[in-house]
Amino acid sequence: LTKADVAVIGGGPGGCAAAITLRSHAPGLSVVLLEASAYGGTRLGETLPPPAAAVLEHLGVAADFAAQGHHPAYGTAAAWGSAAAHENEFLFHVRDVGWHLDRAAFDAMLHRHAAARGADARTLARVEDARRRAEGGWTLALSGGGSVDARFVVDATGAQAAFARRHAGARPTAGDRLAGFVRFFPPGSSDGISADAAAGIGDPRTLVEAFRDGWWYTAPLPGGARVVACMTDTDIAREMGIADGERWMDALRETAPHVGSCIAGHGAPGPVVVRAARSRRLDRVAGADWIAVGDAASSFDPLSSQGITKALRSGIFAAYAAGDLLARGDDAGIRRYERFVAQEFAAFESTRTRYYAEERRWPASEFWRRRQEAASAAA
Ligand SMILES: Cc1cc2nc3c(=O)[nH]c(=O)nc-3n(C[C@H](O)[C@H](O)[C@H](O)COP(=O)(O)OP(=O)(O)OC[C@H]3O[C@@H](n4cnc5c(N)ncnc54)[C@H](O)[C@@H]3O)c2cc1C
């Protein structure tokens with residue numbers, strides 16, 4: 001049995017930022033950071049826009065981040081509302097440099113920083129169950145045995161919000177049905193093409209391309225690989241059969257000339273990875289002894305490329321709020337955090353609605369009709 005003041009469940013950007021900040025803001029509090037994986041598998045979300053730089057600096061991880069060699073990203077182009085691809089400011093701050101991330105390496109780097117600040121940071125530590133203790137706080141049961149007693153829990157489990165929904169009674173607001181059907185293309189390593197040369201294949205920007213049933217995106221990754229994703233609603237995806245590798249490839253060729261041209265020179269892609277990408281937030285993001293951060297609190301359409309930055313920022317804010325509550329009994333920060341998440345989500349929703357309303361080429365398509373209706377309702 002481990003005892004800690006705060007248990008952070010989930011070692012993505014949100015959980016790691018919370019653990020790092022708790023240790024610097026309230027060093028008297030003990031923190032355990034529980035991450036289910038060993039950062040070995042596929043981790044989605046690769047484009048980090050320029051405003052993230054200030055957040056990484058604030059966390060004190062900027063130097064390590066720079067040393068990791070993530071790919072610089074010089075903007076985003078979108079074939080949206082017309083067949084031609086244009087630079088797009090909504091998706092990116094075009095004048096500044098962002099990054100295409102090796103996501104697993106990025107998340108693992110943050111986890112190491114949490115450990116260096118004195119958090120008991122663990123990998124392969126999945127929280128299977130939780131129950132409230134009679135004397136206050138929580139007992140968390142870990143996979144493979146072992147448990148953690150904590151006065152306060154930070155739910156950083158990502159979009160599933162596993163702890164807040166199962167144990168704290170929070171409910172997600174109604175969201176859309178967007179999902180990503182994602183494949184990774186390895187560098188074109190044969191024929192004497194080096195990884196660096198291969199990295200230059202295709203468009204160096206993040207590229208977004210609308211089609212009748214949704215939109216595609218692609219971005220180059222460090223080491224010369226490339227990610228390509230088809231984003232559509234789950235019911236439409238079933239009709240398209242897009243989870244099937246061959247159908248996916250046919251759809252790419254038929255519906256996305258800009259994105260499709262980027263895979264030339266790459267090796268054969270890996271399997272289709274499916275991820276929910278709904279935009280929604282929890283009706284409650286905090287209680288007396290828990291708080292939700294990152295995608296667990298609210299998840300944004302990946303079109304915004306804001307998920308990672310938002311997760312880092314909310315981990316920081318939530319840690320300040322939890323630190324004040326636990327160290328001084330002051331819950332004003334928790335109330336401020338709740339208002340912040342609600343306002344941030346409202347602002348995102350109105351931008352998203354406007355952006356989807358700009359695409360009018362397929363009025364009969366179910367995917368776009370749903371979004372046009374949302375725009376009309378908002379108007
Ligand atoms: C297809 C797609 C593309 C995207 N593209 C971008 C992009 O280009 N740019 C961008 O900024 N964002 C993007 N996003 C969003 C971005 O990935 C998320 O917003 C971001 O990862 C949220 O961080 P997080 O820390 O809240 O959650 P996550 O990154 O999901 O991390 C949650 C962590 O919790 C762990 N975990 C879960 N359950 C447990 C448990 N029970 N016990 C212990 N650990 C647990 C998981 O292993 C994981 O490490 C994209 C999302 C999708 C679906």
Side-chain angles (χ1 to χ4, degrees), residues 6 8-10 12-26 29 31 45 48-61 90 93 110 152-165 168-175 278-355 378:
V6 184
V8 180
I9 312 177
C16 291
I20 291 169
T21 308
L22 272 162
R23 289 296 306 151
S24 9
H25 174 63
L29 299 175
V31 177
L48 192 63
V55 186
L56 297 174
E57 191 74 47
H58 176 88
L59 283 167
V61 305
F90 166 72
H93 300 247
L110 294 171
F152 194 92
V153 166
V154 177
D155 183 347
T157 57
Q160 55 178 322
F163 173 87
R165 292 171 67 174
R171 293 281 163 268
T173 57
R278 287 184 290 266
S279 301
R280 61 112 191 95
R281 70 179 174 87
L282 291 181
D283 59 353
R284 290 174 59 217
V285 295
D289 50 13
W290 66 276
I291 198 163
V293 306
D295 275 13
S298 71
S299 46
F300 287 10
D301 191 316
L303 191 56
S304 70
S305 284
Q306 287 182 43
I308 301 167
T309 317
K310 176 179 75 67
L312 292 169
R313 207 185 291 131
S314 83
I316 295 170
F317 288 173
Y320 284 131
D324 289 351
L325 180 72
L326 293 172
R328 301 207 308 271
D330 175 2
D331 72 351
I334 300 274
R335 304 283 87 83
R336 259 199 310 279
Y337 178 78
E338 289 174 324
R339 286 195 299 277
F340 168 76
V341 173
Q343 285 163 2
E344 181 191 49
F345 189 76
F348 150 73
E349 265 196 318
S350 96
T351 313
R352 179 187 58 145
T353 302
R354 260 189 290 123
Y355 196 69

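The aromatic rings of F300 and F348 lie parallel to each other, with less than 30° between the two planes, well short of the 60° mark.
R284 meets the side-chain contact (heavy atoms from CB on, under 4.5 Å) test with W290; sequence neighbours excluded. Checked against ring pair (Phe, Tyr, Trp, His ring centres under 6.0 Å), F163 has the following partners two or more places apart in sequence or in another chain: W138, H167.
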side-chain contact (heavy atoms from CB on, under 4.5 Å), that's the test. Do K310 and D295 meet it? Break it down for me. CA-CA 8 Å; K310 176 179 75 67; D295 275 13; 3.9 Å; yes
Let me see the working for R313 and I316 under side-chain contact (heavy atoms from CB on, under 4.5 Å), right down to the final yes or no. CA-CA 5 Å; R313 207 185 291 131; I316 295 170; 5.6 Å; no
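Of the options L326, L29, V8, V31, a side chain to side chain contact (heavy atoms under 4.5 Å, CB included) to F152 is made by L326 and by none of the others.
In this structure, G323 and A26 approach most closely via the heavy-atom pair CA-CB, 4.3 Å. The two residues Y355 and L303 have their closest heavy-atom pair at CD2-CD2, 3.4 Å. Considering every non-hydrogen atom in both S314 and G294, the closest pair reads OG-N, 2.8 Å. Residues A296 and A161 come closest through the heavy atom pair O-CB, 3.6 Å. Between R280 and P172, the closest heavy-atom pair is CD-CB, 3.3 Å. Across A286 and I291, no two heavy atoms sit closer than the pair CB-CG1, 3.8 Å.
Note that CG of L110 and CD1 of I308 are 10.0 Å apart. Values are rounded to the nearest 0.5 Å. In this structure, OG on S304 lies 9.5 Å from CZ on R352, to the nearest 0.5 angstrom. Expressed to the nearest 0.5 Å, how far CG of L325 lies from CG of D330 amounts to 8.0 Å. Summarising the geometry, atom CZ belonging to R165 is positioned 7.5 Å from atom CG belonging to L282; distances are rounded to the nearest 0.5 Å. To the nearest 0.5 Å, atoms OG1 (T173) and CZ (F345) are separated by 5.0 Å. Atoms OG1 and CG, from T21 and L312 in turn, are 9.0 Å apart once rounded to the nearest 0.5 Å.
A donor-acceptor pair under 3.5 Å is absent between the side-chain atoms of T309 and the main chain of A52, judged by distance alone. For the pair D283 (side chain) and R171 (backbone), a donor-acceptor distance under 3.5 Å is present. The backbone N or O of A164 lies less than 3.5 Å from a partner atom in the side chain of D155, making a donor-acceptor pair.
Atom CZ of R335 has more than 12 neighbouring heavy atoms from other residues, nucleotides or ligands inside a 6.0 Å radius. Residue R278 qualifies as open at atom CZ: its count of foreign heavy atoms under 6.0 Å is 12 or below.
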